[in-house]
Amino acid sequence: MEGKAIVTAAITGGVHTPAMSPHLPITPQQIVDESVRACEAGAAICHIHVRNPETGRPSPDVTLIEEVMAKIKNRCRAIVCISTGGGIGMTVEQRVRPVRIFKPELATLNAGSINFATFHKLDKYNEYKFDWERAYLEMTEDFIFPNTFKSIRQFLQVFDEQGTKPELEAYDAGMINNIAFMMSRGHVRKPLFLQFVLGILGGISSSPENLIFLIDYARRLIGEFEFSVCAAGRQQFPMCTQSLLMGGNVRVGLEDNLYIAKECWLRAMRSRWRRSYASPGNWASNPLPPTRPGGSLISKAWKT
Ligand code: KMH
Ligand code: ZN
């Protein structure tokens, strides 16, 4: 792996809703086309969720997954990583079913339960395209994304039977402990591939210190592993950059972050502000750090 990094493209996910971006891939064809484009741009793994083509709602429909997997495999050499996180409110059986049926080479294994919250995004959007969107966000204030020890063990058994490699998603430090426990019981074996997921409300927030801590904690608990990093919203690029600097890999894509221009704008403004801050003589011409609608620049990591 020296000098190389794995880029995972998380094409559409199960978190964002169509009102949040006209660019969110919805139909199987859009998901396939974007996967192929990502592969041509250097992605080695496509992380796949599917959506109802009519409404854009995350769907557990295995016929959609089958279509997407087959068409990606037909058109490019990317590894297809099927999500077993699915969408908010899907049952554990709905989530693991694609692994049972399609034996993908890689699939996600979420390493613990969290209150996977997106309800705070309601503050940002006034209009929705489809009926389900508002309720889908609202319900997450009281939603536990269930990944108990029993379901993790059952997932891993299916993975084993089908020859599927688990990509272990850790949203917080305790989940690294869960992985170590499952390892000690022989349910998961090295080589391990961890995905550190930062910035989900309900999990650990995005910060350089937190990522250093997670990697260090994981090394102490489980020894050697390969890792990748993804982060919600505008922290995606800084956290992925840090991952590369620390010898890790990256996950990008619209599942985690909808913005590229906004991110670039913020960075440019930040460095402009830092420059003026560094030379007080310039304060008069550049008096304030930039703000954006709905909050200060130095806002909480989850305010994405
Ligand atoms: N939606 C991400 C925050 C999965 O698909 O299994 C986490 C994820 C989990 O990608
Ligand atoms: Zn996902």
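All ligand and atom numbering here is 1-based and tracks the order in the structure. Residue numbers run from 1 in the order of the sequence given.
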min-distance protein heavy atom vs atom 4 (C) of ligand 1 -> S83 OG, 3.3 Å
What class does the angle between the rings of F213 and Y217 fall in, given that below 30° is parallel, 30 to 60° is tilted and above 60° is perpendicular?
parallel
Does Q195 reach ligand 1, in the sense of a heavy atom lying below 4.0 Å from it?
no
Pair E133 + K121: basic N to acidic O under 4.0 Å:
no
What is the closest protein heavy atom to atom 10 (O) of ligand 1, and at what distance does it sit?
E255 OE2, 2.7 Å
Output yes when the distance from some N or O of ligand 1 to some N or O of T108 is under 3.5 Å, and no in every other case.
yes
Do R57 and Y136 have side chains that get closer than 4.5 Å, going by heavy atoms?
yes
Which of the ligand 1 atoms, numbered from 1, are nearer than 4.0 Å to a heavy atom of N110:
4 (C), 6 (O), 9 (C)
How far apart are the C-alpha atoms of S206 and Q235, what are their side-chain angles, what is the distance that settles it, and do they pass the side-chain hydrogen bond (donor to acceptor under 3.5 Å, both in side chains) test?
CA-CA 7 Å; S206 290; Q235 295 296 331; 5.0 Å; no
From the list T108, L109, T84, L106, side-chain contact (heavy atoms from CB on, under 4.5 Å) partner of V99 resolves to T84
For ligand 1, note which part of F145 has a heavy atom under 4.0 Å away: side chain, backbone, both or neither.
neither
Are V92 and V62 joined in one hydrophobic group, where the rule is that I, L, V, M, F, W and Y side chains link up if heavy atoms are under 4.5 Å apart?
no
Between E169, H47, E255, which is the residue that forms a side-chain contact (heavy atoms from CB on, under 4.5 Å) with S83?
H47
Tell me which N, O or S atom from E255 is the closest to the Zn ion (ligand 2).
OE2
Below 4.5 Å, heavy atoms only, C-beta onward: do R95 and P146 meet side chain to side chain?
yes
Evaluate whether atom CZ of R75 has more than 12 neighbouring non-hydrogen atoms of other residues, nucleotides or ligands under 6.0 angstrom away.
yes
Does the N or O separation between Y171 and ligand 1 drop below 3.5 Å for any pair?
no
Proximal atoms of ligand 1 relative to I200 (non-hydrogen, under 4.0 Å):
3 (C)
Proximal ligand 1 atoms for V197, defined as those under 4.0 Å from one of its heavy atoms:
3 (C)
Please name the atom of H47, limited to N, O or S, that comes nearest to the Zn ion (ligand 2).
NE2
Sub-4.0 Å atoms of ligand 1 with respect to non-hydrogen atoms of H49
5 (O)
For G85, is at least one N or O under 3.5 Å away from an N or O on ligand 1?
yes
Logged contact type for R251 with ligand 1, heavy-atom cut-off 4.0 Å, is side chain
